[in-house]
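Here is the structure we will look at.
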Amino acid sequence: MSFTSPGSAPASINPGTGSGPGPGPGTAPAPASVSRVDLHPGTPPVLRVPAPAPADVPAWAADHRAVLDSLVTEHGAVLVRGLGLSDTGQVSAVFGQLAPALMTDTEGFAPRQAHAPGVYSSSAWPANQPMCMHHELSYVHSPPGLLLLACLTAPTAGGATALADAAAVLDALPPELVQRLEKEGWLLTRTYNDDIGASWTEAFGTEERAVVEEHCRANAIEFAWQSDGSLRTRQRRPAVVRHPDSGRRCWFNQIAFLNEWTLAPEVREYLVDVYGADALPFNTRYGDGDPIGEDVVELINTVYAEHTVREPWQSGDLMLIDNVRTAHSREAFEPPREILLAMAAPRPPASFPPAPADPTTASERSTR
């Protein structure tokens, strides 16, 4: 799968035949109200559509769901331009037509505002700090397979949701690194507090410790309450998965994104000074517990950068992303920027051994 190819040109979808980069044999034909898909090097596919009346946008989404599904299957993501999405209610209705069963955001690394059931703001993260490439909630037991994003207010500058082909990234990484992580998986450690990132009450959507503990046990998460009331967790997850449809191996994780070495140096130094090197709000390790070096994190982010495509947001845009096949990032921006997000199509839980034993766990559990 590739987002673009050198020399590619805008392609028209032929209504009634399913030709072009959209639906293939056996899929629904493209309606006449879909005009074209633009394919250019360095950008994701952009589907340009005639603007429907605002009240008709949810109906448009319902009528074109099969077309959009086919484009995401073909390309890994698609940006729809021309719908003129303008308010939260309209976006919620569109998301509901495209993915009727939206997921609840649980275990988020940063707070989100809920606008409607399953519809959230983008993560609260400083505008001047980019969020590097990752797969949304790749560390949860049953991660989303589909992301839906809508831009109500485009940023003044920057702020693109850039994309990268997960299979191509995997192929470009050193084989010895891939082999180790494919064998061991990766380990995410978190220390929830009220200062940095999401608190445990925000991440788990409850103030009841028993509910958090039940969730952790059901989702292969090791947990320990600290004497100050904070929560520390560890979870081991696969770093490479097979796409549920194509069967192709994909680099699927947040190893670099949630690692201490991806943080700005001054931010990392502050967090280490305040919380200590072993109690950072989040960090990643090899599956056997060994630390991941700065050089490895830099290598992963460099490979992502070499496979990145981007298209600046315009107010009213809609984007669909295959969360397994396609990584995404959020570039630094000049406010304002209002993006709404929904997640759908949860993957079956991955079968993977639990994290190696943490020698501090027993003593820490006694503080509960």
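Atoms CZ and OG1, on R310 and T43 in that order, are 11.0 Å from each other to the nearest 0.5 Å.
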Exercise. Test E311 against R81 for salt bridge (Lys or Arg N to Asp or Glu O under 4.0 Å), laying out the working first.
Key: CA-CA 11 Å; E311 171 68 20; R81 179 157 289 165; 2.8 Å; yes

Practice problem: List the steps and the verdict of salt bridge (Lys or Arg N to Asp or Glu O under 4.0 Å) for D171 and R248. | Solution: CA-CA 11 Å; D171 291 343; R248 189 170 183 187; 3.3 Å; yes

Practice problem: Please lay out, stage by stage, how T189 and T233 fare under the test side-chain contact (heavy atoms from CB on, under 4.5 Å). | Solution: CA-CA 6 Å; T189 62; T233 62; over 6 Å; no

Practice problem: Show your reasoning for whether side-chain hydrogen bond (donor to acceptor under 3.5 Å, both in side chains) applies to E107 and H215. | Solution: CA-CA 10 Å; E107 297 183 47; H215 175 91; 2.8 Å; yes

Quiz item: Given D38 and R48, is the salt bridge (Lys or Arg N to Asp or Glu O under 4.0 Å) satisfied, shown in steps?
Solution: CA-CA 8 Å; D38 289 349; R48 301 182 185 276; 2.4 Å; yes

Quiz item: What do the steps show when you test L263 against L271 for side-chain contact (heavy atoms from CB on, under 4.5 Å), and what is the final call?
Solution: CA-CA 10 Å; L263 296 168; L271 293 176; 3.8 Å; yes

Exercise. Start with the C-alpha gap between S138 and Q254, add the side-chain angles, then the distance that decides, and say whether side-chain hydrogen bond (donor to acceptor under 3.5 Å, both in side chains) holds.
Key: CA-CA 7 Å; S138 60; Q254 285 167 250; 2.9 Å; yes

Quiz item: When you look at H243 and D322, which way does the side-chain hydrogen bond (donor to acceptor under 3.5 Å, both in side chains) test go after all the steps?
Solution: CA-CA 10 Å; H243 193 277; D322 181 330; 2.6 Å; yes

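Applying the side chain to side chain contact (heavy atoms under 4.5 Å, CB included) rule to V178 yields the partners L170, L173, E182, V240, R249; only residues at least two apart in sequence or on another chain are considered. In terms of the salt bridge (Lys or Arg N to Asp or Glu O under 4.0 Å) criterion, residue partners of E260 (sequence neighbours excluded) are, by chain and number, R268.
Classification of the Y192-F204 ring pair by plane angle, with boundaries at 30° and 60°, yields tilted.
Other residues, nucleotides and ligands contribute only 12 or fewer heavy atoms inside 6.0 Å of the CD atom of E298. The environment of CD in E208 is sparse: at most 12 heavy-atom neighbours from other residues, nucleotides or ligands sit within 6.0 Å. Surrounding CD of E207 are at most 12 heavy atoms belonging to other residues, nucleotides or ligands under 6.0 Å away. Annotation for D87: atom CG counts as buried by contact number, over 12 foreign heavy atoms lying within 6.0 Å. Within 6.0 Å of atom CD in E306, more than 12 heavy atoms from other residues, nucleotides or ligands are found, so the atom counts as buried in its surroundings.
Here the closest heavy-atom approach between residue E202 and residue P111 is recorded as OE1-CG, 3.6 Å. When all heavy atoms are compared, the tightest approach of C132 to S329 is C-CB, 3.7 Å. Of all non-hydrogen atoms in S142 and M103, the two that sit nearest each other are O-CE, 3.6 Å. The shortest non-hydrogen separation linking W125 to M131 is CD1-CG, 3.3 Å.
For residues 143-161, the set of pairs meeting the side-chain hydrogen bond (donor to acceptor under 3.5 Å, both in side chains) definition, not counting sequence neighbours, comprises T161-W313, T161-R337.
In this structure, R209 forms a cation-pi arrangement with W225, its terminal cationic atom sitting closer than 6.0 Å to the ring centre and no more than 45° off the ring axis. Because its NZ or CZ atom is both nearer than 6.0 Å to the ring centre of Y286 and within 45° of the ring axis, R180 counts as a cation-pi partner of that residue.
Of the candidates N259, I292, T191, N259 is the only one forming a side-chain contact (heavy atoms from CB on, under 4.5 Å) with N283.
Between P143 and E136, every side-chain heavy-atom pair lies at or beyond the 4.5 Å cut-off.
Under the 3.5 Å distance criterion, the side-chain polar atoms of T73 are matched with a main-chain donor or acceptor of D69. In this structure, R112 contributes its side chain and V119 its backbone to no donor-acceptor pair below 3.5 Å.
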